[in-house]
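Some notes on the structure that comes next.
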Amino acid sequence: MVYWFQSFNDPLHGHFDVHPLLVMIIDTPEFQRLRGIKALGCTFLVYPGATHTRFEHCIGVSHLAGRLIKALKERQPELQISRSEILCVQIAGLLHDLGHGPFSHMWEKVVNLVNPGAHWEHEEMSIKMFHHLLDTNKELRPAFTVFGLQEEDIKFIGELIMGWKRSTATRPNNKRFLYDIVANKRSGVDVDKWDYLSRDSRQVGMKNQFDCERFIKFSRVLWTDELENGEKVMYTQIGFRDKEIENIYDMFNLRVKMHKRVYQHHVVRILDAMICEAIKAANDHMWITGNKGQCHPAVAYGDVSAYRKLNDNILEDIYNDDVRPEMAAARALIHRIKTRKLYTLLGRTQPSEMFADPEETVRAQIIQTATTLHEALTIPPVTAAALMTNLLVIKSCYSYGMGADNPNELVAFYGKDDADTARFVSRTEVSTLLPTKYQECEILICYRSEDQDEIAAAREVIQAWARRKKILLNKSSVKMTTTKRKRDDQGSDEEPLGSPKSVRKQDASKNLRL
């Protein structure tokens, strides 16, 4: 059998050649399924350009992974990076998101909503899908062998997808840097982040301030140490030239900005909740057939052959099922999304104290407030039962990716005069203008019902709760009012009626109306 490289033209990375084995993986039903899964879930309902899919993102990550490891091999031949290791890293980049469900990360919320305590994540599903892909496409395993990949390499690809874990890593410490390329669990600086931040910001029309090309150019493998069972252990990690520190901060700043303005935009979070509730309402009335028989969509992760049939079309399948009455509640929710009758945002706040379970804590406090305000309300009170049914509290957190910690201080750097010594740079060594906190959280308080009287009463209850708790409750929207700007030295900007400028303005307004 003859194997050929193929040329791909990506809107973000341009033209590049793809290895024959990667092409064979791409041309499987399991990978082609990613064409039907939007990378940003329901964000396209807020940002119309966010319609790109996991398919092109995975190809982009594989391309960047190949470029980075090849640059390291050329720059540091003493690392003895083999061709099989290059191929393993590229395949891991290609398959790292193979396990995503409909609407990407939103499906994890659906699964965990329907199956409390499941703690299901897509990375484990990616590895299961990878093995399913090998088992159902019989020509792939022989091709793996032709290109020098054995069973231990297949296991290694799964390790690269999950990120380095001491308990499961099969590569020695001098090869630990390989785990940093696709899923860097140490600092979060990896090719996955480079691609999705660049691609997502491009698709939604937001400026990208960091340059991943410089990361590749100034990357280098360095030796560092850490304590393991009380002993100092040496290992390798990917570092960058010290002059790239601000570029690293730009990358994490973009991550925060994208989460605040795009990924966790308040309307996106409301849409997420509505879609999750619609799928949950329909889940027990939908069936998918797999090798283990029939199952409901939200539990299909237990049967890979059933799970592979899921994509974003599930929402339209629910909406178009207009025969069965048991699907009416789910259809009604999707119809509200289509007609833009979304849950009402009553208020948002950044609480001074973070609760262990803020959503349920805030709901309980607001409902308790409602039961004690009957005589104080100026409008008919909303009942506790109505609040129990309709009140929705959503918590959003925006960070550099490691909660309250600063991941920049975990990135290794090297200097111009000493390219072999790893150095970790604290925030104060970079600039006094850098942030001192790296996470902020916000609570959105929403109401499901469309009843305007209930909404008004609920809003008054929430304002009373905020006063009792001494919480600053921000307005759900800001209305811009146009005002005339007057010059102190020349008086009003308006021209006298009948003046030449006034006549021209009147004529222009007539043309606009036409």
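Electrostatic pairing of E30 and R308 counts as a salt bridge here, judged by a charged N lying under 4.0 Å from a carboxylate O. Looking at D321 and R324, a side-chain N of the basic residue comes within less than 4.0 Å of a carboxylate O on the acidic one, giving a salt bridge. Contact check on D10 versus R199 returns a salt bridge, with a Lys/Arg side-chain nitrogen under 4.0 Å from an Asp/Glu carboxylate oxygen. A salt bridge is absent between E442 and K260; no separation between the charged side-chain nitrogens and carboxylate oxygens falls under 4.0 Å. Salt-bridge check for K109 with E277: failed, with every basic side-chain N at 4.0 Å or more from each acidic carboxylate O.
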Take T389 and R448 through the side-chain hydrogen bond (donor to acceptor under 3.5 Å, both in side chains) test and state the conclusion after the steps. CA-CA 8 Å; T389 302; R448 293 184 175 93; over 6 Å; no
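Residue E440 qualifies as enclosed at atom CD: its count of foreign heavy atoms under 6.0 Å is above 12.
N208 and S201 share no side-chain donor-acceptor pair at under 3.5 Å. In this model, no donor atom of one side chain and acceptor atom of the other lie less than 3.5 Å apart for W120 and E108. Side-chain contact annotation: Y196 with D97, donor-acceptor N/O pair under 3.5 Å absent. Between the side chains of Y400 and N253, a donor-acceptor pair is found at a separation under 3.5 Å. When only modelled atom types and interatomic distance are considered, D451 and S449 share no side-chain donor-acceptor pair under 3.5 Å. A donor and an acceptor atom, one from each side chain of D200 and H52, are located under 3.5 Å apart. The closest side-chain donor-acceptor pair between E429 and S426 falls under 3.5 angstrom.
With Y319 as the aromatic partner, R331 does not meet the cation-pi criteria of under 6.0 angstrom to the ring centre and within 45 degrees of the ring axis.
Looking only at distances, a side-chain donor or acceptor of R54 sits under 3.5 Å from a matching main-chain atom of A39.
The distance from atom CD of Q439 to atom OH of Y398, rounded to the nearest 0.5 Å, is 11.0 Å.
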